[in-house]
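The figures that follow rest on heavy atoms only: side chains count, while hydrogens, waters and symmetry mates do not. Throughout, a chain's letter reflects where its sequence line sits, starting with A, and its residues are numbered from 1. Here the structure is a predicted model, which means the values were calculated and not measured.
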2 protein chains.
Amino acid sequence: MAANSRLTIAVHILTWLALAHRRGTELLTSDEVAASVNTNPVIIRRSLGDLRRAGLVTVRHGAGAGWSLARVPEEIVLLDVYDAVEGEPLFGMHHTEPNLECPVGKGIRPVLGDVYGKAELALRAELGRTSIADVLRETLQVS
Amino acid sequence: MAANSRLTIAVHILTWLALAHRRGTELLTSDEVAASVNTNPVIIRRSLGDLRRAGLVTVRHGAGAGWSLARVPEEIVLLDVYDAVEGEPLFGMHHTEPNLECPVGKGIRPVLGDVYGKAELALRAELGRTSIADVLRETLQVS
DNA sequence: CCTGCTGTAACAGCCTCTATTACAGTCGAA
DNA sequence: TTCGACTGTAATAGAGGCTGTTACAGCAGG
């Protein structure tokens, strides 16, 4: 499957907001963010909507509208972003119910669910170790 | 994105082969496996093809054909299966190249690649801790 | 040679993701 | 109060992946 880029887009947005804030720009519009990410402003607004529902950004409406971080970048970790934009579990179960007369078909799903849950926890723990401030710092070092 | 069920299907197949072998049945056809997974035999053959290319199962052609495990179930871990059937990385990068004149657009991709790599390593380590023998044992306990 | 099964192509249906257009809603500023 | 800029979201389109299905050539034991 072709992996989606939601997490990448969202982290990019937040990193850009963090840099703008540090430079003294309090608010950015979706058009301004879209210019950095190089995609359509609606894509950005949809992602920002997810981030707003998760409490990571705040929006100001009307004239002079725009977006800003709801917390300092040190207190936003990539796990927060992951939860904000990714809904589905990593691994899917059978599309059709397995044959319950077969001992494997009958019992395998909870076993797999357990293993998949542990694997996701390991992934989440790793995503919790990096903050937007970390990403911003390393990004500026690279360039 | 709706997660695919490739890993689930492949683990189901291998667990079923392990149980059949323990019961004295050396070879299973794709039709027999499909009856347990409850899907089309071609789906099973496609998955078995991935597993064969990864060296996890062996196939016998001609009359009396069928499949069997290439190693004992204790020596096949879910990470082997994951590598056999999943190709794409977990998180995708930008579809279009970000704006390189923006400092974030210019430097964020290697930073994200590094974080994503670490997260995948954590996931893989966890998948390496469970074998087909573990799955079979727990599956039979459940039922 | 026959037969049963593999290996794979081709296709359809469904769904997701990205991208884009359009437009109503919102609210500060003039 | 009106204007204008921007948000929020619906609708739509194209591309591509996954599952499921049919079809058929290839293989090899009996």
### Query
Looking at dA9(C), does its base get a donor-acceptor pair with the side chain of R46(B) below 3.5 Å?
no
#### Entry: Partner residues of R45(B) under the side chain to side chain donor-acceptor pair (under 3.5 Å) criterion, sequence neighbours left out
S30(B)
#### Entry: Annotated protein contacts, base or backbone, on nucleotides 23-30 of chain C with a non-hydrogen cut-off under 4.0 Å, one of B, S, - each
---BBB--
### Message
Tell me which residues in residues 15-43 of chain B lie within less than 4.0 Å of DNA chain D, going by non-hydrogen atoms.
### Response
T39(B), N40(B), V42(B), I43(B)
#### Entry: Residues in salt bridge (Lys or Arg N to Asp or Glu O under 4.0 Å) contact with D31(B), at least two apart in sequence or another chain
none
### Query
Roughly how many Å is it from CZ in F91(B) to P in dC17(C), rounded to a whole number?
14 Å
#### Entry: dC17(C) phosphate, OP1 or OP2, under 4.0 Å from S5(A) side-chain N/O
no
### Task
Report the distance from atom CG of L121(A) to atom CD of E126(A), rounding to the nearest 0.5 Å.
13.0 Å
### Task
Any salt bridge (Lys or Arg N to Asp or Glu O under 4.0 Å) involving residues 112-121 of chain A? Give me the pairs, sequence neighbours left out, ordered by first then second residue.
D114(A)-K118(A)
### Task
Rounded off to whole Å, could you give me the CG-to-C1' distance for the D50(B) and dT19(D) pair?
14 Å
#### Entry: R53(A) vs T96(A), nearer the 5' end of DNA chain D by closest nucleotide
R53(A)
### R6(A) CZ - dT18(C) P separation (whole Å)
7 Å
### Task
Quick one: which residue pairs count as a ring pair (Phe, Tyr, Trp, His ring centres under 6.0 Å) with a foot in residues 112-137 of chain B, not counting sequence neighbours?
F91(B)-Y116(B)
#### Entry: V59(B), nearest nucleotide to its side chain (from dC17(C), dT6(C), dG20(D))
dT6(C)
### Task
For atom NE2 of H94(B), decide whether the heavy atoms of other residues, nucleotides or ligands shown that lie under 6.0 angstrom number more than 12.
yes
### Query
Could you state the interatomic distance from CG (L140(A)) to CD1 (I108(B)), rounded to the nearest 0.5 Å?
10.0 Å
### Query
With sequence neighbours left out, what residues match S47(B) under side chain to side chain donor-acceptor pair (under 3.5 Å)?
none
## Note on the structure
Rounded to 10°, the angle between the first-five-pair and last-five-pair axes of the helix from dC1(C)-dG30(D) to dA30(C)-dT1(D) is 10°
### Query
Whole Å only: how far is the CG atom of N4(B) from the C1' atom of dT16(C)?
13 Å
### Task
Grab the CG-P distance between L7(A) and dC17(C) for me, whole Å please.
13 Å
### Task
Could you tell me the separation between the NE2 atom of H95(A) and the P atom of dG20(D), rounded to a whole number of Å?
6 Å
### Query
Counting side-chain heavy atoms from C-beta on, which of dC5(C), dG20(D), dT7(D) comes nearest to A65(B)?
dC5(C)
Identify all side-chain donor-acceptor contacts of residues 50-66 of chain A below 3.5 Å with residues at least two apart in sequence or on another chain.
{"residue": "D50(A)", "atom": "OD1", "partner": "R53(A)", "partner atom": "NH2", "Å": "3.2"}
{"residue": "T58(A)", "atom": "OG1", "partner": "S68(A)", "partner atom": "OG", "Å": "3.2"}

### Summary
Those residues at least two apart in sequence (or on a different chain) that pass side chain to side chain contact (heavy atoms under 4.5 Å, CB included) with A18(B) are L69(B), P73(B), I132(B), L136(B)
### Query
Rounded to whole angstrom units, what separation is found between the CD atom of E97(A) and the P atom of dG20(D)?
14 Å
### Set of residues satisfying side chain to side chain donor-acceptor pair (under 3.5 Å) with respect to S131(A), sequence neighbours excluded
D134(A)
### Task
Could you tell me whether the phosphate oxygens of dG7(C), OP1 or OP2, come under 4.0 Å of any side-chain nitrogen or oxygen in R52(B)?
yes
### Query
Who passes side chain to side chain donor-acceptor pair (under 3.5 Å) against R22(A), sequence neighbours left out?
none
